[in-house]
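These notes are about the structure you will find just below.
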Amino acid sequence: MKTSTPLIELKAVDRRYETGLLALQGLNLQVGAGEFISLIGPSGCGKSTVLRLVAGLDRPTAGQVLCEGEVVKAPTGLAGFVFQEPTLMPWANVSTNVELPLRLRGGMSAAQRDQTARAALAQVGLAEFADAAPKELSGGMKMRAAMARALVTQPSLLLLDEPFAALDEITRFALNEVLLQLWRPEGAKAPAFTAVFVTHSLYEAVYLSQRVLVMGSRPGRIVDEVVVDAPYPRDASFRSSAVFAAACGRLSQALAEASAESVLG
Ligand code: ADP
Ligand code: MG
């Protein structure tokens, strides 16, 4: 899946915060166009920092962050972001929330924006809730709307920071399906975007990803990688397969080692 120029490349990246804390040190990462990767690691190891650097919302204190071979100096406009909090504006209906990135970008008529937002809502199964108020939506539906908003501009990169962590497991499984369906729509030849997914759940990381990168802390860096060698589309039966169990086993061990190091270190 790795192409000659990776979509994203972090080269020997350090991020020392103004407090003096060295959040990341010597971090190397390559993500190929269309890949689905997950980042997993103990709390505070720098996962969100990596996503902010990739999005151009933060700058490294040493090393380089490259996007399509160019040094990232500002928000790229290439990336959509999904956080744990859906952060919908409570006073605006769902479609108005979803069209916000189009409004900020400009260049579309109100009618075009509305149509594009409704199409994005249909993709996440919320067509019938376009005119609803956010408070009428369940937690899972709010997250679907947040995903529609992140994808409404058709970004080539989707950054997800523990998006489903606050949801119950049934809802989380359903949203895993929605996300994979958005990433690789049925019948499509190529993935619709590149995904970098941060999660605390190793099962979720394995279910979704082609590769799972394990981070260690103090300072944050990548300590291991588990390749999940299973084809897509994946469905519920994948969760009970031998490949799934083996990848979870490997990842669990890698995480235990990373966490033990951070406790001792
Ligand atoms: P994670 O997402 O893996 O939990 P973060 O990337 O949020 O980790 O944070 C990594 C480390 O950097 C943590 O110790 C956190 O407290 C610290 N940190 C994050 N943001 C800042 C900031 N703006 N200023 C100072 N320290 C920060
Ligand atoms: Mg975080």
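Counting starts at 1 for both ligands and their atoms, following the listed order. Computed from a predicted model, the values in this text were never measured in an experiment. The first residue in the sequence is number 1, and the count goes up from there.
Atom 7 (O) of ligand 1 has its closest protein heavy atom at S48 CB, 3.7 Å. The protein atom (non-hydrogen) at minimum distance from atom 18 (N) of ligand 1 is Y17 CE1, 3.4 Å. Residue, atom and distance of the protein heavy atom nearest to atom 16 (O) of ligand 1 are L21 CD2, 4.8 Å. The single protein non-hydrogen atom nearest to atom 5 (P) of ligand 1 is T49 OG1, 3.7 Å, given as residue, atom name and distance. Of all protein heavy atoms, the one lying nearest to atom 10 (C) of ligand 1 is G44 O, 3.3 Å. Closest to atom 8 (O) of ligand 1, if we only count protein heavy atoms, is G46 N, 3.2 Å.
In this structure the side chain of K73 reaches within 4.5 angstrom of the side chain of V71, judged on heavy atoms. By the 4.5 Å heavy-atom criterion applied to side chains, E204 and L179 are not counted as neighbours.
The Mg ion (ligand 2) has an N, O or S atom of S48 under 2.8 Å away, backbone or side chain.
The closest donor-acceptor contact from the side chain of Q181 to the backbone of E186 lies under 3.5 Å. In this structure a side-chain-to-backbone donor-acceptor pair under 3.5 Å is missing from N93 to A133.
Using a 4.0 Å cut-off between heavy atoms, R218 makes no contact with ligand 1 at all.
L22 and L27 fall into different hydrophobic clusters, where Ile, Leu, Val, Met, Phe, Trp and Tyr are joined by side-chain heavy atoms under 4.5 Å apart, directly or via other members. The hydrophobic cluster containing L39 also contains F83, counting ILVMFWY residues as joined when their side-chain heavy atoms lie under 4.5 angstrom apart, directly or transitively.
No heavy atom of E162 sits closer than 4.0 Å to any atom of ligand 1.
Taking a cut-off of under 4.0 Å to the non-hydrogen atoms of R52, the atoms of ligand 1 that pass are 20 (N).
Of the N or O atoms in A23, none lie within a sub-3.5 Å distance of an N or O in ligand 1. Checked by distance only, ligand 1 and E18 stay at 3.5 Å or farther apart across all their nitrogen or oxygen atoms.
Closest non-hydrogen pair, V98 versus P101, comes out as O-CD, 3.3 Å.
No more than 12 heavy-atom neighbours from other residues, nucleotides or ligands sit within 6.0 angstrom of CD1 on I170.
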